[in-house]
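Each remark here refers to the structure printed beneath this line.
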Amino acid sequence: MLSFDAWWTLALFGGYAASLFVLIPWVLLKRTVHPSAAIAWVLTIIFLPYLGGILALLLGLNRVERHRPHKRAAAKEIARRVPGWSQHQLEHLEDHTPLEQDLARLAFKLTGRHATARNRLELLPKTPRAFEVVEEIIDGATNWVHVEFYIWKPDKIGTRIRDALVRKARQGVAVRFLYDSFGSWGLNRKFLGPMADAGIHSAAFLPGRSFRERWSMNLRSHRKIILVDGQIGFTGGMNVGDEYLGRDPGYGYWRDTQVKFHGPAVLQMQQVFAEDWYYATGEDLTEAAYFPEPEQYGDVTAQVIAGGPEELTAFHGLMFAAISQARDRVTLATSYFIPPDPLAMALETAAHRGVRVRILVSRHGNFIWTLLAGRAYFQRLLKAGAEIYEYREGFYHAKTLTVDGVWSLVGTPNFDSRSILLNFEDAVAILDRGIAQQLEEHFEGDRARSDRVDLEAWINRPLGRVLGERFCRLFAPVL
């Protein structure tokens, strides 16, 4: 007769074997899972007994497939019903470079939104000032405020911005607040109660009906959007929380980039929000009042890009094309650098072609495995001639890309598979030399606070670090 310890051991191994026979075929039969991602999942299930299976279920490989048709239907319905603003759309860009023209046409094919003329943009590279601008934007609202964020924390700054929304709602301004149920898990009834009492309409993006859906990391809204009266837009890498002001000693100084904009691009961003709101609540926001004629104009051509987990996401296709067509320089700043293989190859081949490729990432991260996985790409890029810098003065969270000093992308997506292939993200593509110059100047300032990765020293790094990087890279498609 077996002892209790023997029965317990047998049960553990039996359960592990059963999970292998059930979960591995489940992964392999998913037709929409990329082979590299399938390999990563199989290794996770094998090398992390029980935990690997739990992660596979929570990350929800089939949720993207199941919810994708609903999201597409919402986007199609909103696009069909929104008022037109054809007078602001640019189908032909004779005054722009061939690169800008090609990328604008590609972005239209991928998103259905043309580049728009006469926008005014302001870059905000410092988070304290960015939060001041957020409060100014909200305080100036007269008709409505639409807010969508991945992370909104019930801390000091989160409560302060919430109270600003509550004040406007009590003044008769219509406020809609959309938050991601995973990223903003700390928003409870106590925090949301004052908003409901003031008449604010709140909703969770993809709340899920089951425990697995609610805590899945896939199909998240990683967007950060504030829209006021159809006249002012705001987006960038910054969420709402005290750490973004440098108040968390674990992160230290927080470096991020936001953009505030006026003009027709605001209407395009409102379309993105309307799609997400319709998807989350079923409420239609296509009335003309939500798409008014802009009151302020500038001289910048801009195009709102919104991407989600499609077969060819807007960001994946656009970033690949931009880097592949670069002739002079590529300047990339990102907090998480774990590129899908096609984008890693695009950077490498651009460097081989003589393009000056510069990449700036954070030396510090909140997940050691993401840092290690990203560093596994360094050696090939360095050998190709790319320059890589690690920001040393706090946490680097900006997400910008500039190509040949004429075309730029500022928004929410990191340069990793999760942002580019699994999340819903937003950004503004900017066809303007002045903005590109500003972003490159910001990059130079950040580079002065960074350490350049030396190829020879990198090749001779300890073997243990190499093994850790190579191991973590196996899971790159799902990080």
Side-chain angles (χ1 to χ4, degrees), residues 75 78-96 100 104 107-108 111-124 130 132-148 165 168 172-176 178 223-236 258-278 284-306 407-412 426-436 438:
I78 294 298
R80 182 180 69 84
R81 301 176 66 177
V82 295
W85 50 82
S86 58
Q87 69 272 26
H88 303 298
Q89 300 187 73
L90 298 176
E91 297 187 31
H92 306 288
L93 297 161
E94 294 86 353
D95 296 334
H96 293 272
E100 293 171 291
F108 169 70
T111 68
R113 286 180 286 273
H114 283 291
T116 62
R118 303 180 64 195
N119 296 280
R120 182 160 66 88
L121 283 79
E122 178 187 358
L123 295 175
L124 302 166
E132 291 176 1
V133 169
V134 166
E135 292 187 88
E136 292 170 4
I137 291 173
I138 294 172
D139 289 341
T142 58
N143 297 310
W144 52 264
V145 179
H146 291 164
V147 176
E148 178 175 358
L165 293 172
K168 298 309 295 186
V173 174
V175 179
R176 291 177 177 84
L178 183 61
R223 293 173 178 156
K224 295 93 176 174
I225 298 172
I226 298 176
L227 299 158
V228 171
D229 298 338
Q231 302 297 334
I232 304 176
F234 177 95
T235 192
Q258 279 63 241
V259 58
K260 172 188 173 186
F261 51 102
H262 300 259
V266 176
L267 305 180
Q268 292 187 331
M269 192 66 82
Q270 167 61 13
Q271 183 180 357
V272 175
F273 178 87
E275 292 172 2
D276 289 349
W277 187 259
Y278 181 84
D284 184 352
L285 299 179
T286 56
E287 294 87 351
Y290 296 114
F291 297 87
E293 182 70 21
E295 296 175 356
Q296 297 189 42
Y297 292 98
D299 57 1
V300 175
T301 300
Q303 191 172 17
V304 168
I305 312 297
W407 183 91
S408 307
L409 192 71
V410 180
T412 68
D426 75 86
V428 181
I430 307 165
L431 292 68
D432 184 81
R433 292 180 182 273
I435 296 295
Q438 288 183 51

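At least one side-chain heavy atom of His146 sits less than 4.5 Å from a side-chain heavy atom of Tyr290. Counting heavy atoms from C-beta outward, Val259 and Thr235 have side chains that approach closer than 4.5 Å. Contact annotation: the side chain of Ile232 approaches that of Lys260 to within less than 4.5 Å [non-hydrogen atoms, C-beta and beyond]. Between Pro292 and Leu267 there is a side-chain heavy-atom pair separated by less than 4.5 Å. A 4.5 Å side-chain heavy-atom check between Phe273 and Arg223 finds every atom pair outside the cut-off. Residues Phe261 and Asn119 form no side-chain contact, since every pair of their non-hydrogen atoms from C-beta on lies 4.5 Å or further apart. No side-chain heavy atom of Thr301 sits less than 4.5 Å from a side-chain heavy atom of Glu100. Side-chain atoms of Val133 and Gln258, non-hydrogen and from C-beta on, never get closer than 4.5 Å to each other.
Between the CD atom in Glu295 and the NE2 atom in His262 there is a gap of 10.5 Å [rounded to 0.5 Å]. For the atom pair CG (Leu165) and CD1 (Ile226), the distance works out to 7.5 Å, reported to the nearest 0.5 Å. Put simply, NE2 on His96 and CG on Asp432 are 8.0 Å apart, with the number rounded to the nearest 0.5 Å. Here the straight-line distance linking atom CD of Glu293 with atom CD of Gln231 works out to 8.5 Å at 0.5 Å rounding. Atom CE of Met269 is separated from atom CD1 of Ile225 by 5.0 Å, given to the nearest 0.5 angstrom.
Applying the salt bridge (charged side-chain N to carboxylate O under 4.0 Å, His left out) criterion to Arg118, with sequence neighbours excluded, gives no partner residue. Judged as a salt bridge (charged side-chain N to carboxylate O under 4.0 Å, His left out), and not counting sequence neighbours, the contacts of Glu132 are Arg129.
What you find for Ala302 and Leu121 is that their closest heavy atoms are CB-CD1, 4.5 Å. Considering every non-hydrogen atom in both Val304 and Ala265, the closest pair reads CG2-O, 3.4 Å. In terms of heavy-atom proximity, Phe291 sits nearest to Gln271 at CE2-N, 3.9 Å. Closest approach of Gly236 to Thr412, counting heavy atoms only: O-CG2, 3.3 Å. The heavy-atom pair separating Val266 from Gly233 by the smallest distance is CG2-N, 3.6 Å. Summarising the geometry of Val300 relative to Ile430, their closest heavy-atom pair is CG1-CG2, 3.7 Å, with the distance given to 0.1 Å.
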Steps toward side-chain contact (heavy atoms from CB on, under 4.5 Å) verdict (Gln303, Phe108): CA-CA 9 Å; Gln303 191 172 17; Phe108 169 70; 4.3 Å; yes
Val428/Gln268 under side-chain contact (heavy atoms from CB on, under 4.5 Å): CA gap, chis, key distance, verdict: CA-CA 10 Å; Val428 181; Gln268 292 187 331; over 6 Å; no
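When atom types are taken as modelled, the side chain of Asp426 and the backbone of Lys224 share a donor-acceptor pair closer than 3.5 angstrom.
When Val228, Leu227, Ile137 are each tested for a side chain to side chain contact (heavy atoms under 4.5 Å, CB included) with Val145, only one passes: Val228.
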